[in-house]
Each structure stands twice: as structure tokens, then as C-alpha cells.
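The structure appears below as C-alpha cells.
Atom set for the values below is all heavy atoms of this structure, side chains included, hydrogens, waters and symmetry mates excluded.
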Amino acid sequence: MKRIFQASLVTAVLAASAFAIAQPTGYAGPSAKPAPGAGRYAGPSSVPLVTVKHLLDKGKDDQVARLQGKLVSHKGGEDYEFADASGKITVEIDARHFPAGVTVDHNTVVELTGEFDKELVGEPGFEVEQLKVVGK
């Protein structure tokens with residue numbers, strides 16, 4: 001009975017290890033190639049394009065929106081200062097959302113799609129789900 005239990009335990013550990021090895025690492029940063037078949041939609045969007053001022057004045061928490069402007073500075077970590085003609089807002093961008101092989105600087109015009117975080121305490125922000133380079 002003890003040997004059957006040990007054999008079952010060894011089999012379970014080996015199966016779990018094989019499953020873990022077969023899983024992707026999850027890293028898809030700027031230098032990573034996209035997964036096979038993982039294309040990006042480039043057509044029109046029904047998500048409204050708004051200004052920073054409109055979002056700050058009338059935006060609702062968790063509202064999905066698009067912003068167009070420039071990342072004017074890196075505040076540290078995943079936080080950047082984004083600006084358009086109407087104002088500035090802190091945006092949070094995962095490294096994986098930057099397009100591979102493209103340098104984005106303070107002169108690059110980008111379109112950000114994501115969710116507005118209207119904080120009860122502290123400053124509001126915007127969590128980016130997609131970053132598209134529009135121009136230089």
C-alpha cells in the first residue's frame with residue numbers, strides 16, 4: 001500500500017512538472033515576438049476618443065476610453081505623465097503594451113486605450129490596455 005501511494009505521488013509530481021514546463025512564461029515585453037496567431041486588431045474602434053480634460057471633468061470610474069497625445073515623462077515604474085492639448089494625467093502602462101521594435105519618446109504621438117481610474121483619495125489615473133503609435 002505504501003509503494004502504491006509513493007508511486008502515485010511521484011506520478012502526480014511528474015505530471016504537474018510537465019504541465020508547468022509546457023505553459024508559456026507570460027512575458028510579452030517590448031523585445032518579445034508576438035505569439036503565433038496573436039494578431040492585433042487595427043480597424044476602427046467604438047471606444048470614444050476623449051480629451052484628458054473631458055475625462056477628468058466628466059469621466060466615470062472604470063470608463064473605457066481612448067486618449068491621443070504624448071507621453072511627456074516617465075514617473076517611475078509603470079507610471080508615465082500623458083498630455084494632450086487639454087491637460088495631463090498619470091497613465092499606467094505595462095511594458096508588454098509598448099510595440100516591439102519601436103522607440104516611444106516625448107515627441108511620439110500615441111493613442112492609448114484603457115480604463116479611467118477615478119480615485120476617491122489621491123489623483124485619478126488611466127490604466128492602459130493598448131498603446132498604438134500614431135506618429136512622430
With respect to [X], which candidate in [options] satisfies the side chain to side chain contact (heavy atoms under 4.5 Å, CB included) definition?
{"X": "F82", "options": "V128, I89, T90", "value": "I89"}
{"X": "F126", "options": "V52, T113, L55, I93", "value": "L55"}
{"X": "F116", "options": "L56, V64, D62", "value": "L56"}

- Side chains of L71 and L131: does their closest heavy-atom pair fall under 4.5 Å?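 SC-SC contact between L71 and L131 confirmed.
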- Do V109 and K70 come within less than 4.5 Å of each other through their side chains, counting heavy atoms only?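 A side-chain contact under 4.5 Å exists here.
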- Partners of H54 by side-chain contact (heavy atoms from CB on, under 4.5 Å), sequence neighbours excluded?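 So H54 forms a side-chain contact (heavy atoms from CB on, under 4.5 Å) with V50, T51, K58.
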- Task: Indicate yes or no for a side-chain donor-acceptor contact from D105 to the backbone of N107 under 3.5 Å, with no hydrogens or angles considered.
- Result: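 It does hold such a pair.
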- For D117 and G125, indicate whether the former's side chain and the latter's backbone hold a donor-acceptor pair under 3.5 Å.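 Not at all, since once roles are kept as given, no pair shorter than 3.5 Å links the two residues.
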- Message: Hydrophobic clusters here meaning ILVMFWY residues chained together by side-chain heavy-atom distances under 4.5 Å, can you tell me if Y80 and V133 are in one?
- Response: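 Yes, same cluster.
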- Message: With a 4.5 Å cut-off on side-chain heavy-atom distances among I, L, V, M, F, W and Y, is there a chain of contacts connecting V72 to V102?
- Response: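 Result: no, two separate clusters.
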- Task: Provide the closest heavy-atom pair for K118 versus D61 in the form atom of the first, atom of the second, distance.
- Result: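 Closest pair (atom of K118, atom of D61, distance): N-OD1, 3.0 Å.
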Gap separating the [atom1] atom of [X] from the [atom2] atom of [Y], nearest 0.5 angstrom:
{"X": "E115", "Y": "E92", "atom1": "CD", "atom2": "CD", "answer": "11.0 Å"}
{"X": "E111", "Y": "Q130", "atom1": "CD", "atom2": "CD", "answer": "7.5 Å"}
{"X": "K132", "Y": "R66", "atom1": "NZ", "atom2": "CZ", "answer": "7.0 Å"}

- Show your working on salt bridge (Lys or Arg N to Asp or Glu O under 4.0 Å) between K75 and E81 and close with a plain yes or no. CA-CA 7 Å; K75 296 174 87 172; E81 184 173 51; 5.4 Å; no
